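Reminder, nothing fancy here: chain letters follow the sequence lines and each chain counts from 1. Nothing here was measured: the structure is a model prediction, and the numbers come from that model.
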Protein chains: 2
Amino acid sequence: MRVLHHHELCASSRIIRLVMAERGIVCLPKSEQPWDRVEDFLRLNPAGDVPVLMTEDGEAICGASVIAEYLEEIEDKIPLIWGSASERAEIRRLMDWFEGKFTREVGVPLLNERFIKRFVDEGQPSSLVIRAAMTNLHIHLDYLDWLTEQDNWLAGRQISLADLAGAAHLSVLDYFGDIDWDRHSETKNWYAKMKSRPSFRELLADQIPGLPAAAHYANLDF
Amino acid sequence: MRVLHHHELCASSRIIRLVMAERGIVCLPKSEQPWDRVEDFLRLNPAGDVPVLMTEDGEAICGASVIAEYLEEIEDKIPLIWGSASERAEIRRLMDWFEGKFTREVGVPLLNERFIKRFVDEGQPSSLVIRAAMTNLHIHLDYLDWLTEQDNWLAGRQISLADLAGAAHLSVLDYFGDIDWDRHSETKNWYAKMKSRPSFRELLADQIPGLPAAAHYANLDF
């Protein structure tokens, strides 16, 4: 059976958990602590990051974009990167935007302050860093409001990898209770739709010992 | 005609300049200063980053991976992402490694200290940051030595997007004179081969006013 090496609060890992659930692919999840730099795991992925998908042939497919493209090529019945070359470019642009800009400016700083410093590095969270990340988050949510106003789905006429990427990234912040949904009603409607999908159930059941999810995290009405 | 918005010292832009030259695609280069956050450019790419490829239909294709995949789909005569799904995953993994880990740990800090601080922010370069990035660079070049020892090309039996990505990233550091080639002879042999390709000529002719390239930068024997 395929094995997915992941971490519960890693947004990139969550993207692949959603992609696999949408495709109905069963796999054995294996939770990793990538910051421990365990030798066995580094042999699978020299970059030391999750997610890593071990195929049934024992090959390691590393990184969310790479795994998403790989599954698109071998399991093409449910296309998540669909359409013309331009439409596919737009889906990939949004995937990149979440995995790049959004991660750098919001995801990484908030994960560091809310989780890594408390449970790994035993440091003091910096209110300055949190404030800067929250400001970035509101700007980026305004952009998502605009995108979700244009169409039902982030990249246009049907659900795509872009929606799974966006929902995965927001779901980690929502676990911490960092999203002010009242200020972003368009994004809220879209996220509510994503959250109701069967593929989301497993994510909503995640619990980190010592760090409970925000009260509304698993509620479909929030 | 297609227009490529790029910056001369942006490794991701250089990847696309190499991809287009390898494919024999002619385009009009337009040099951008992405840190200026010019309104017209932000309309093309909300992320504000180069490279951006404007197609003949006036569509903006944003980001190196996205443009590389797009060109692969519309101009499939010279495949740069080739082979089985696993081989394609390995090519994409290496592209991601250069654009992600290598950029974060080496490319961004050295570009900041060597160029942005001097010409944009008017700050003082930090010898501490430079030292840390140089240490990371040696570790990553050891990994490239290992990869180039296994095969002629980074991802196996023929040239791929991974080689263009790697050579583009190293070329920026080599412009600054930051690579100690004597310590990395396997990578040097591979880079010499890349540097001799006609697609590389335009990169070797780049000159930044006030920041001349290292003496050996454009030499094919270095």
**Student:** Out of curiosity, B/I61 CD1 to A/E90 CD, how far, rounded to the nearest 0.5 Å?
**Tutor:**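 Reported value, rounded in 0.5 Å steps: 8.5 Å.
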**Student:** Considering only heavy atoms from C-beta outward, does the side chain of B/M95 approach that of A/S65 to under 4.5 Å?
**Tutor:**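 Not touching, per the 4.5 Å side-chain cut-off.
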**Student:** If you apply the rule salt bridge (charged side-chain N to carboxylate O under 4.0 Å, His left out), what do you find for A/E72 with B/R92, and how did you get there?
**Tutor:** CA-CA 14 Å; A/E72 195 76 17; B/R92 290 183 176 120; over 6 Å; no
**Student:** Of the non-hydrogen atoms in A/A85 and B/I74, which two are nearest, and what is the gap between them?
**Tutor:**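 Looking at all heavy atoms of both residues, the shortest contact is CB-CG2, 3.6 Å.
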**Student:** How many angstroms lie between atom CD1 of B/I67 and atom CZ of A/R93, to the nearest 0.5 angstrom?
**Tutor:**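 B/I67 atom CD1 to A/R93 atom CZ measures 12.0 Å (nearest 0.5 Å).
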**Student:** Highest number of heavy-atom pairs under 4.5 Å with chain B: which of A/A60, A/G63, A/G48, A/A47?
**Tutor:**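 The answer is A/A47.
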**Student:** Please classify the contact between A/F102 and chain B as side chain, backbone, both or neither, with a heavy-atom cut-off of under 4.5 Å.
**Tutor:**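 A/F102 has no heavy atom closer than 4.5 Å to chain B.
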**Student:** Heavy atoms only: give me the nearest B/V66-A/A89 pair and the separation to one decimal.
**Tutor:**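 Nearest pair, atom of B/V66 first, then A/A89: CG1-O, 3.4 Å.
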**Student:** Check whether any side-chain heavy atom of B/Y70 lies under 4.5 Å from a side-chain heavy atom of A/S86, and answer yes or no.
**Tutor:**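 Side chain of B/Y70 against side chain of A/S86, heavy atoms only: contact under 4.5 Å found.
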**Student:** May I ask you to test the B/E69-A/R88 pair for a side-chain heavy-atom distance under 4.5 Å?
**Tutor:**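 No - every pair of side-chain heavy atoms lies 4.5 Å or more apart.
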**Student:** Do other residues, nucleotides or ligands put more than 12 heavy atoms under 6.0 Å from A/E39 CD?
**Tutor:**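 No.
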**Student:** Are there more than 12 heavy atoms of other residues, nucleotides or ligands under 6.0 Å from atom CD of A/Q124?
**Tutor:**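 No, CD of A/Q124 has 12 or fewer neighbouring heavy atoms, counting only those of other groups under 6.0 Å.
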**Student:** Which of the residues B/H140, B/E105, B/E73 is involved in the greatest number of heavy-atom pairs with chain A at under 4.5 angstrom?
**Tutor:**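 Answer, by heavy-atom pair count under 4.5 Å with chain A: B/E73.
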**Student:** Side chain, backbone, both or neither: which part of A/D57 has a non-hydrogen atom closer than 4.5 Å to chain B?
**Tutor:**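 Contact with chain B: none, neither part.
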